[in-house]
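Step one of this worksheet: look at the structure below.
Counting starts at 1 for both ligands and their atoms, following the listed order. Counting from 1, the numbers follow the sequence of the chain as shown. The figures here come from the full heavy-atom set of this structure, side chains too, leaving out hydrogens, waters and symmetry mates.
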Amino acid sequence: MRTFNQIIRSSLVHKRLKSTAVTSKMHVFTQKRNPITGSTEWDVQHEDYDYHQEIARSAFADMLHDTERNKKYQRALQLAIEKMHDAGKKANVLDIGTGTGLLSIMAARCGADTITACEAFKPMAECCLKILKMNGVADKITVIPKRSTDLTVGEGGDMNEKANILVTEVFDTELIGEGALSTFYHAHQYLLEEDCIVVPDSAVIYAQVVECPTLQKWNKLNDLADEDLEVILRTPQKIKDCAGSAAVHDLQLSQLPRIAFKELSDQIPVFYYDWSGRSPVDRRRTVKQQFTVSNTGRAQIVFMWWELNMDMEGKICLSCAPWWTHPDADLSSDRPQDKIPWRDHWMQGVYYLPQEMTVQKDSEVSLVSCQDEYSLWFYLEDEKTKYRHYSRPICECGVHMAISRTHVSYLNDGKRSKRFLAQIKEDLVKDATVLDFNGSSFLGMAAAKMGAKTVYILENMKLNINILNDYIKENALENVIVLSELTDEVLEKVTNVVCDPNFSSAILPWENLKVAYLLHKYKSKLKDSVTIVPESCEFWAMPVEFKDLHKIRIPLGTCEGIDMTMFDSLVESSRLISDAEIEAQPLWEYPCKCRGEPRKLVELQMKDLKVTYASDGVHPIVDSESQASNPVNGFVIWAVWMVGGKSISAGPVEWPNVGERVSWDMHTRQAVKILKKTKIVSNSDKWNYQVACDLENGHFSLNIDWASEES
Ligand code: SAH
Ligand code: ZN
């Protein structure tokens with residue numbers, strides 16, 4: 001065992017959220033909120049911390065690994081350039097948002113006569129220049145580090161003349177969220193010839209109305225019920241009625257279990273976008289389309305995806321559809337979702353309807369689709385339900401502003417809350433005084449309903465306090481007091497401490513150690529006889545093979561035969577500066593196989609907390625002899641909490657078997673370390689870890705890697 005200090009020094013203290021910055025030469029002092037202590041700390045950071053983090057975390061690599069996208073762009077560009085040449089014209093290409101220069105280099109290869117590439121993000125534009133040099137095409141492409149809307153045309157301008165081919169990829173999951181509408185509008189006005197060809201030529205947005213109680217859990221807070229399904233806490237009406245957050249919920253929809261939703265409509269093409277300039281695209285529009293309901297059910301949600309028609313003839317189509325409507329899906333295969341192209345830079349969108357509506361099979365209802373310059377939203381109408389306006393929904397209840405969608409789904413996870421409630425009920429003594437450390441959960445209020453004499457809830461975030469007060473009023477709780485600080489007088493009275501170990505402020509799993517931090521802080525003031533829920537926390541880890549997720553981080557090397565190592569080094573140096581090695585991901589959206597026995601890294605007993613924890617270990621991949629050599633491209637770390645002697649996993653929902661797919665808890669995110677290189681491991685390979693946790697200061701750090709020089 002190494003000492004605590006050795007481990008602390010050798011491991012990365014994980015990144016925290018940053019708020020303000022004061023510059024001093026090469027470094028900035030950034031003010032960061034420590035999610036465990038809740039306090040603000042100063043930290044020294046690299047001057048350009050912000051954009052390094054942006055580069056390290058951007059979806060660029062995954063986008064460049066998207067072979068279908070790359071190839072279809074290349075083919076459509078080739079057709080466009082040939083078409084110009086066949087008409088006896090020069091092919092003058094404008095590439096808006098060139099990024100690494102990929103599409104411009106493709107244009108050069110296809111014989112374009114002139115190529116202008118612009119890029120608004122300066123570090124990318126600089127990187128692009130290096131890539132062009134490296135690939136010997138710097139003389140063929142002019143890079144302008146500007147936003148396209150700032151480009152000038154004419155003598156002495158950025159471009160001598162207007163271009164007659166535009167190639168651009170400025171789309172996000174919502175298609176228009178990156179400002180594509182104004183980019184195209186401006187380009188057609190000022191930068192392009194009348195008879196230009198645009199790649200892509202057009203786009204279509206599709207919508208499908210569904211019933212999906214699983215996803216509705218991400219949006220609407222349900223009443224809280226106990227094991228006997230008796231309602232313990234009623235959700236205030238204003239929360240039930242809230243239209244929710246307008247922002248799209250982007251998701252790997254193909255990973256949603258098929259039984260989790262019911263299709264109530266076919267896929268409906270709702271918006272067409274003519275990028276070619278032949279017909280104008282409105283910046284705001286509302287369309288109402290009648291459709292025949294395909295199944296009786298409760299309309300709750302609209303699924304959205306889009307497709308690009310890359311060429312004018314409509315022969316090359318790039319679809320982001322989920323597997324059940326994807327043009328290339330093999331529906332006879334076991335898991336059709338594994339066979340269609342995977343991408344993380346474009347997912348599918350989920351929009352929660354402002355109101356649920358029951359619809360009957362074969363009846364006619366209307367989908368109202370709305371679009372402004374950057375976003376979409378939907379309404380549903382029938383004979384009885386009509387809206388006076390179709391304004392963009394906004395949250396009026398506070399829940400959708402205060403807590404993330406994942407946290408809403410967590411609070412709705414009845415299986416878990418029933419376990420907590422049962423244990424609290426069992427622990428409650430006569431005239432119990434309960435202290436709840438987590439004001440972003442309902443346990444304290446539930447304890448009040450279940451018979452506690454007095455309940456104190458520690459919470460200092462204004463938005464969370466407002467929600468608590470609404471619940472207190474709705475449920476007529478007269479014995480609940482919300483405090484932003486605890487006094488000795490309160491602490492001495494406490495008989496039961498309850499703390500749901502999922503804080504709305506936590507991102508990485510160990511940020512929920514706030515429970516241990518608070519217990520440690522107040523331990524000396526609490527009675528010895530106090531009961532504590534949860535009893536303990538464990539962190540577990542295992543090596544995995546991601547089917548696709550690794551693509552968001554692995555170096556490119558080459559992409560479509562283009563040397564992209566300059567880009568890889570930019571990402572790598574940014575990653576080191578921004579300390580983005582371990583990240584939180586909702587793993588149910590990203591299939592992986594277990595590639596080694598799960599191991600416990602550290603355990604904290606809430607009744608018997610130490611000030612510091614330090615542990616390290618070396619583990620073989622598997623316990624028993626096994627001959628296979630298997631690929632490993634990541635490590636996953638998750639928390640397991642003990643309640644009433646039973647474990648509650650914020651990781652796998654069933655014990656993972658080596659070699660098999662893992663099913664992950666849908667209501668929490670796990671910590672992930674993606675390896676830069678896939679490693680083929682045999683049973684003699686080992687991995688190691690170091691964990692250091694300091695409850696006095698609320699610090700937690702974790703290293704995990706291959707044990708030997710073979711890494
Ligand atoms: N064309 C590259 C990169 C696409 S990512 C490729 O296909 O691989 C989109 C890039 O466009 C981002 O780098 C973003 O900064 C840039 N961008 C978006 N809108 C822009 C605009 N109007 N002008 C210049 N750059 C833009
Ligand atoms: Zn709301």
Which of the atoms of ligand 1 are close to [X], meaning less than 4.0 Å from one of its heavy atoms?
{"X": "Ser148", "value": "21 (C), 22 (N), 23 (N), 24 (C)"}
{"X": "Lys146", "value": "24 (C)"}
{"X": "Arg69", "value": "6 (C), 7 (O), 8 (O)"}
{"X": "Glu169", "value": "4 (C), 5 (S), 7 (O), 9 (C)"}
{"X": "Leu64", "value": "8 (O)"}

Check ion pair [X]-[Y] (N to O, under 4.0 angstrom):
{"X": "Asp372", "Y": "Arg283", "answer": "no"}
{"X": "Glu193", "Y": "Lys162", "answer": "no"}
{"X": "Lys551", "Y": "Asp62", "answer": "no"}
{"X": "Lys146", "Y": "Glu119", "answer": "no"}

When you look at NZ of Lys130, are more than 12 heavy atoms from neighbouring residues, nucleotides or ligands closer to it than 6.0 Å?
->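 Atom NZ in Lys130 is not crowded, with 12 or fewer foreign heavy atoms closer than 6.0 Å.
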Can you establish whether the number of heavy atoms outside Lys386 located under 6.0 Å from its atom NZ is more than 12?
->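 It does: Lys386 NZ has more than 12 such atoms within range.
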Non-neighbouring partners of Pro586 that pass side-chain contact (heavy atoms from CB on, under 4.5 Å), sequence neighbours left out = Trp588, Glu589, Tyr590, Arg669
Sequence-distant partners of Met312, side-chain contact (heavy atoms from CB on, under 4.5 Å), two or more places apart | Lys83, Ile197, Asp201, Arg278
Ignoring angles and geometry beyond distance, decide whether Ile96 reaches within less than 3.5 Å of ligand 1 through its nitrogen or oxygen atoms.
->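 No, no N or O pair falls under 3.5 Å.
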Under 4.0 angstrom from ligand 1, any heavy atom of Thr98?
->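 Thr98 counts as a contact of ligand 1 under the 4.0 Å cut-off.
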Among all protein heavy atoms, pick the one closest to [atom] and tell me residue, atom and distance.
{"atom": "atom 3 (C) of ligand 1", "result": "Gly97 O, 3.3 Å"}
{"atom": "atom 25 (N) of ligand 1", "result": "Ala120 N, 3.2 Å"}
{"atom": "atom 18 (C) of ligand 1", "result": "Val170 CG1, 3.4 Å"}
{"atom": "atom 20 (C) of ligand 1", "result": "Arg147 NH1, 3.9 Å"}

Given Met124, Glu119, Met63, which one has a non-hydrogen atom that is nearest to atom 13 (O) of ligand 1?
-> Glu119
Okay, side chain of Trp306, backbone of Phe271: is any donor-acceptor separation there less than 3.5 Å?
->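 No, the answer is negative, given that no donor and acceptor are paired below the 3.5 Å cut-off.
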Hey, is Thr100 touching ligand 1 through its side chain, its backbone, both or neither, going by heavy atoms under 4.0 Å?
-> neither
Name of the His400 N, O or S atom nearest the Zn ion (ligand 2)?
-> ND1
